[in-house]
Amino acid sequence: MEPKIKETAWNPEIEKQILKQWEDSHTYEFKPQGEVFVIDTPPPYPSGRPWHIGAAAHYAQIDMIARTARMTGKNVLFPIGIDRNGLPVEMYTEKKHGIRMHETDRAEFLKLCATALDDLEAEMIQIMKNLGLSGNFSEYYRTDSEQYRSLTQATFIELWKKGLVYIANRPNNYDWITGTTIADAEIIYEEIPTKLVYMKFKIKDSDKNLTIASTRPELLCACQAIIVNPEDERHSDVIGKNAIIPVINREVQVRTHPSAEKEFGSGAVMVCSYGDQNDVALFRELKLQEIVAIGKNGRMTEVAGPYAGLKVKQAREKIIEDLQNQNLVEKIENINHRTPISERSKAPIEIIPMEEYYLKQKESVEKIKELGSKIVFHPAMHKQILMNWLESITIDWPISRRRFYGTEIPIWYCKKCSEPHVPEPGKYYKPWTDPSPISKCTKCGATEFVGEERTFDTWMDSSVSPLYVSKYSRDDEFFKKTYPTTIRPQSKDIVRTWLYYTILRCEQLTGLTPWNEAWIMGYGVDEHGTKMSKSKGNVIDPLPVIQKFGADTFRFWSASEINLGYDFRCSEQKIETTKKFLSKLWNISRFLSGFPVIKSAKTTPTDNWILSELDKMVAECKKGFDDYNFFVPSTSIREFTWNLFAAHYIEMVKGRAYSSSFSEEERDAAIFTLHKVLSTLLLLLAPITPFITDYLWQTLYSDKTVHKEKFPQSENREDWTRFTKTITEFNSNVWNKKKELNLSLKDSIEMNIPGELQQFAKDLQAMHNLTS
RNA sequence: GGGUUCAUAGUCCAGUUGGUUAUGACGUCGCCCUUACACGGCGAAGAUCCAGGGUUCAAAUCCCUGUGGACCCA
């Protein structure tokens with residue numbers, strides 16, 4: 001019989017035809033019936049070219065989750081969305097057009113942002129399609145669409161009415177480059193070289209000096225207390241006395257507080273509004289009157305006297321100079337200071353009191369711990385990231401931002417009495433340009449309103465993604481069937497933001513968990529283990545890699561390289577060598593395509609042996625699939641296929657399958673077993689490498705797609721795996737012996753088959769041409 | 001300072017509840033076209049399982065201490 005498969009290698013070009021076939025026959029259409037499985041897909045952010053190869057690997061794996069669920073008979077909702085709100089596109093647009101957002105017409109600026117996003121988004125969608133994602137592309141959503149933003153606004157209005165939103169004037173993390181308040185989660189810390197200035201403070205009514213070391217001398221004008229450690233004997237004599245602030249010449253009291261470290265500087269610390277978070281805590285605890293020394297423009301305010309109007313850095317230089325001129329500096333040390341900076345703009349953040357909207361979260365912490373404890377994490381260890389974060393929440397969530405490209409806060413203020421009003425939920429509101437939907441102030445009865453100009457923190461949008469995909473408030477029946485959703489896949493760096501905020505918001509709105517499972521992935525790093533970044537030049541563009549090697553190769557690499565939850569290395573060379581496995585699978589199939597498919601047969605010991613090994617592997621794969629850890633099935637399938645099935649079994653039964661000196665029954669048993677193993681392998685590999693498996697499945701076994709099939713089950717066969725070691729060792733011995741004697745593999749040789757292997761003797765004799 | 005986590009051949013990685021000679025891949029080096037595959041086959045070299053201590057008849061595996069890295073928090 002002529003082999004059905006002619007080519008000697010898998011051609012990734014075929015992927016395009018298969019993709020079209022899936023699309024034309026709506027292979028992955030979701031029906032909200034039976035057992036449903038809903039994925040809260042992370043909508044990727046098109047922040048620039050190229051898309052991160054680690055992200056592409058991540059989405060390939062999310063698709064494996066979807067396909068795994070389908071192969072266990074579930075109806076899978078795998079939404080595809082694009083996240084389009086937030087700072088990065090604003091910064092990208094500013095740079096691209098050489099403009100400043102706050103100096104540009106708002107409507108004009110928004111248009112430029114949207115255009116920039118469209119281009120980047122198109123490429124992303126193309127990569128996702130090429131990767132073979134079985135998602136719902138026909139209904140892909142954008143977080144800046146009217147429908148999405150109206151949901152964000154509606155959920156805000158709901159929480160507002162529940163009394164969970166308030167305005168407060170509080171010290172805020174402020175990024176003066178981007179001109180906006182930022183949440184704790186957006187702050188990163190960097191070691192920055194800075195001067196630690198030892199300044200001399202005169203003690204009032206005494207000739208004593210107290211030395212205080214600080215990295216922020218420009219905040220002297222905002223100093224309201226000096227603290228020393230109560231156990232620090234060096235300073236016990238000045239406690240309770242007043243010190244005179246150098247240059248400023250104002251008096252402040254010296255107090256004791258345990259947060260003053262004896263080892264740092266001189267042991268005495270000045271408390272200013274606000275040098276760092278510890279200052280904020282001390283002002284609150286000691287009930288000090290705050291002095292606002294730095295303005296929103298990043299310059300010193302009037303209270304700084306001669307330094308008013310200078311930028312923080314300039315003011316620092318100037319005041320150090322003045323201190324030195326007046327002989328008030330003891331010494332200056334150059335140190336590396338761990339400085340909080342804005343994750344986005346990389347500018348040092350300032351702590352400035354500002355009026356912002358807050359969403360209450362402190363009182364939800366216990367409830368979220370309870371929900372969190374019920375969510376199954378894959379891998380389990382990453383639940384700890386959430387729990388640690390919950391432990392450290394101290395303030396409510398500031399949700400307002402002074403930015404343009406985001407969902408507008410739907411509030412109108414009465415022009416007369418400033419009372420805020422929220423409109424009815426369900427529509428998309430743009431208060432900065434829309435006429436007020438409120439006609440009369442509920443407080444004073446006035447009829448003129450002014451719209452809010454600020455937008456929400458982008459996590460306000462992202463945190464309702466499970467509600468959006470399950471059609472919350474849009475389609476009750478659909479929502480009932482799909483919420484809580486099944487699983488949230490995401491990377492581990494945004495557990496404390498996206499994962500946490502989603503649980504918070506969904507709990508506040510529905511009282512339920514957003515999902516039952518969370519699947520947490522590590523980062524993709526380069527081949528040496530360092531983070532990829534544009535500045536280092538070690539970024540790998542996924543598109544050419546996928547075009548060169550094909551999606552299946554990329555996917556199998558992703559599965560076999562990434563151990564769930566751990567960081568993984570990306571190297572083109574590794575991806576290239578993965579291709580060899582697909583080649584192996586292809587050629588095994590090519591060999592089998594020369595034999596008819598036989599549905600049942602009376603198997604021989606050799607057949608029973610490989611079927612028993614197959615059974616064992618199926619059970620192992622199941623464990624991996626159950627945990628959505630594709631490393632487990634991909635590596636065990638590869639090892640079985642290459643090192644047992646191809647290397648030993650196929651070689652052992654080749655003679656029998658070609659039927660030179662065997663009975664018809666024996667021949668059929670070999671052919672039956674060969675097909676049995678291959679078809680099982682194709683089913684197991686279908687979620688990982690959907691293209692090649694579907695092609696081979698349809699060529700060899702069916703006129704229907706493999707992706708409507710179910711996983712094979714372990715058959716609890718009699719265990720023959722105890723022979724594996726002896727068989728492989730015997731084969732190795734023969735090969736070695738022939739090599740020693742300089743014989744070709746087909747030459748005959750005289751060797752004894754060990755007693756244990758007598759039941760396999762006929763196959764072994766034919767395989768090695770034994771004469772004994 | 002606290003937490004999570006990691007440490008196994010030149011490189012990457014496996015090692016389930018402790019049990020003979022530590023898994024596989026990449027790379028390297030030999031030999032080989034053998035009727036599925038040279039994108040292949042066979043073989044070889046390459047590991048003080050981070051260090052020290054403890055538990056045990058027995059430790060890569062469990063416990064303690066330390067060192068080094070990654071990430072998070074303060």
Side-chain angles (χ1 to χ4, degrees), chain A residues 3-12 184-185 187-189 259 261 263 276-278 281 338 340 379-394 491-497 520 522-523 525 527-531 549 553 557 560-563 565-571 573-595 619-620 623 631-632 634-636 638-640 642-647 650-651 654-655 657-658 660 674 678 725 729 731-740 742-747 767-769:
Chain A
K4 277 194 207 160
I5 299 168
K6 304 275 188 297
E7 306 75 15
T8 58
W10 161 245
N11 179 3
D184 287 358
I187 295 172
I188 54 173
Y189 291 84
S259 70
E261 285 176 50
E263 292 73 28
D276 57 26
Q277 283 298 340
N278 193 41
R338 198 150 172 277
M381 65 174 180
H382 283 335
K383 182 179 279 193
Q384 204 53 44
I385 302 176
L386 172 67
M387 293 305 168
N388 289 351
W389 177 239
L390 288 170
E391 284 304 324
S392 61
I393 287 171
T394 52
S491 69
K492 74 174 179 198
D493 53 340
I494 51 175
V495 167
R496 64 195 179 115
T497 49
I520 312 292
Y523 322 104
V525 294
E527 54 188 316
H528 306 291
T530 44
K531 202 171 174 174
F549 303 115
T553 296
W557 163 77
S560 60
E561 184 74 18
I562 301 173
N563 205 348
Y566 296 93
D567 292 353
F568 57 96
R569 308 201 175 199
C570 304
S571 107
Q573 194 224 332
K574 273 246 165 121
I575 297 171
E576 184 170 8
T577 52
T578 305
K579 196 169 173 235
K580 291 182 179 177
F581 174 70
L582 298 192
S583 219
K584 195 74 191 174
L585 183 71
W586 177 265
N587 279 297
I588 290 169
S589 307
R590 187 162 86 100
F591 170 59
L592 285 204
S593 73
F595 300 100
E620 261 169 47
K623 271 193 245 165
F631 182 85
V632 174
S634 60
T635 48
S636 59
R638 178 168 54 192
E639 234 170 283
F640 170 87
W642 213 314
N643 299 337
L644 285 181
F645 184 53
I650 292 183
E651 295 303 327
K654 225 181 242 175
Y658 284 125
S660 47
L674 285 166
L678 179 61
K725 207 177 170 202
E729 272 174 8
N731 287 338
S732 234
N733 286 341
V734 179
W735 287 324
N736 268 326
K737 192 84 185 173
K738 285 190 175 179
K739 173 155 286 196
E740 250 172 60
N742 228 353
L743 292 173
S744 153
L745 287 179
K746 60 183 171 184
D747 290 339
M767 172 186 185
H768 296 297
N769 199 3

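Below, chains carry the letters A, B, ... as their sequence lines are ordered, and counting in each starts from 1.
Proximity of K492(A) to the phosphate of C72(B): no side-chain N or O atom is located under 4.0 Å from OP1 or OP2. In this structure, K580(A) reaches the G40(B) phosphate: one of its side-chain N or O atoms is under 4.0 Å from OP1 or OP2. Phosphate proximity of G43(B) to S732(A): present, with a side-chain N or O under 4.0 Å from OP1 or OP2. Side-chain nitrogen and oxygen atoms of K584(A) include none within less than 4.0 Å of the OP1 or OP2 phosphate oxygen of A25(B). Distances shorter than 4.0 Å separate some side-chain N or O of Y566(A) from OP1 or OP2 on C6(B). At the phosphate of G41(B), OP1 or OP2 sits under 4.0 Å from a side-chain N or O atom of W642(A).
Checked by atom type, the side-chain pair E7(A)/N11(A) shows no donor-acceptor distance below 3.5 Å.
In this structure, A22(B) forms no base pair with any nucleotide, since neither Watson-Crick nor G-U wobble geometry is met with both distances under 3.5 Å. Figure legend. C42(B) is base-paired to G30(B); pairs are counted as Watson-Crick or G-U wobble with both atom distances under 3.5 Å. The partner of G68(B) is C6(B), by the rule that a Watson-Crick or G-U pair needs both atom distances under 3.5 Å. Nucleotide A60(B): unpaired (no Watson-Crick or G-U wobble partner with both distances less than 3.5 Å). With a 3.5 Å ceiling on both atom-pair distances, A47(B) lacks any Watson-Crick or G-U wobble partner. U16(B): no Watson-Crick or G-U partner with both key distances under 3.5 Å is found in any strand.
What you find for R638(A) and S560(A) is that their closest heavy atoms are NH2-CB, 4.0 Å.
Looking only at side-chain heavy atoms (C-beta outward), K492(A) and D567(A) come within less than 4.5 Å of each other. By the 4.5 Å heavy-atom criterion applied to side chains, F591(A) and I5(A) are not counted as neighbours. Looking at heavy atoms from C-beta onward, R590(A) lies in side-chain contact with T8(A) at the 4.5 angstrom threshold. The shortest side-chain heavy-atom distance between M767(A) and N731(A) falls under the 4.5 Å cut-off.
As rounded to the nearest Å, C72(B) and G30(B) have C1' atoms that lie 50 Å from one another. Rounded to a whole angstrom, the distance from the C1' atom of G3(B) to that of U17(B) is 28 Å. The P atoms of U11(B) and G54(B) are separated by 31 Å, rounded to the nearest whole Å. Rounded to whole Å, the separation between the C1' atoms of A47(B) and C13(B) comes to 14 Å. Rounded to the nearest Å, the gap between the C1' atom of C49(B) and that of C12(B) is 16 Å. One P atom belongs to A25(B), the other to C42(B), and the distance between them is 10 Å to the nearest Å. Taking the C1' atoms as reference points, G24(B) lies 7 Å from A14(B), given to the whole Å. Across the C1' atoms, C29(B) and U48(B) are found 25 Å apart, a figure rounded to whole Å.
As judged by a 4.0 angstrom heavy-atom cut-off over every strand, E576(A) is placed among residues making no nucleic acid contact. Heavy atoms of E651(A) sit under 4.0 angstrom from at least one base atom. Using a 4.0 Å heavy-atom criterion, one finds that D747(A) contacts no nucleic acid atom at all. Within 4.0 Å (heavy atoms only), N563(A) reaches sugar-phosphate atoms of the nucleic acid but no base atom. Counting non-hydrogen atoms under 4.0 angstrom, K739(A) reaches a base of the nucleic acid. Residue N643(A) is classed as a sugar-phosphate contact, given heavy-atom separations below 4.0 Å to backbone atoms only. Residue F631(A) is in sugar-phosphate contact alone, with no base atom involved, counting any heavy-atom pair closer than 4.0 Å across all strands shown.
As a whole-Å value, the separation of L592(A) CG from C37(B) C1' is 12 Å. Residue L644(A) contributes atom CG, which lies 12 Å from atom C1' of G24(B) at whole-angstrom precision. The separation between F591(A) atom CZ and A36(B) atom P is 6 Å, rounded to whole Å. Rounded to an integer number of Å, the gap from N587(A) CG to U34(B) P is 17 Å. The CD1-P distance, from I494(A) to C72(B), rounds to 13 Å in whole Å. Note: NE2 (H382(A)) to P (G3(B)) measures 18 Å, nearest angstrom. Here the P atom of nucleotide C39(B) and the CD1 atom of I588(A) are 17 Å apart, to the nearest Å. Across the protein-nucleic acid pair, E561(A) atom CD and A25(B) atom C1' stand 10 Å apart, rounded to whole Å.
Taking only side-chain atoms of N736(A), from C-beta outward, the nucleotide of G43(B), U4(B), A36(B) with the closest atom is G43(B).
For C26(B), the base has no donor-acceptor partner in the side chain of K574(A) [N/O atoms by modelled type, under 3.5 angstrom].
If W10(A) and F645(A) are placed on RNA chain B by their nearest nucleotide, the residue sitting closer to the 5' end is F645(A). For I385(A) and L745(A), each mapped to the nucleotide of RNA chain B holding its nearest heavy atom, the one lying further toward the 5' end belongs to L745(A).
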**Q.** Step-by-step side-chain contact (heavy atoms from CB on, under 4.5 Å) determination, F568(A) to N563(A)
**A.** CA-CA 8 Å; F568(A) 57 96; N563(A) 205 348; over 6 Å; no
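More than 12 heavy atoms of other residues, nucleotides or ligands lie within 6.0 Å of NZ in K6(A), so this atom counts as buried by the packing criterion.
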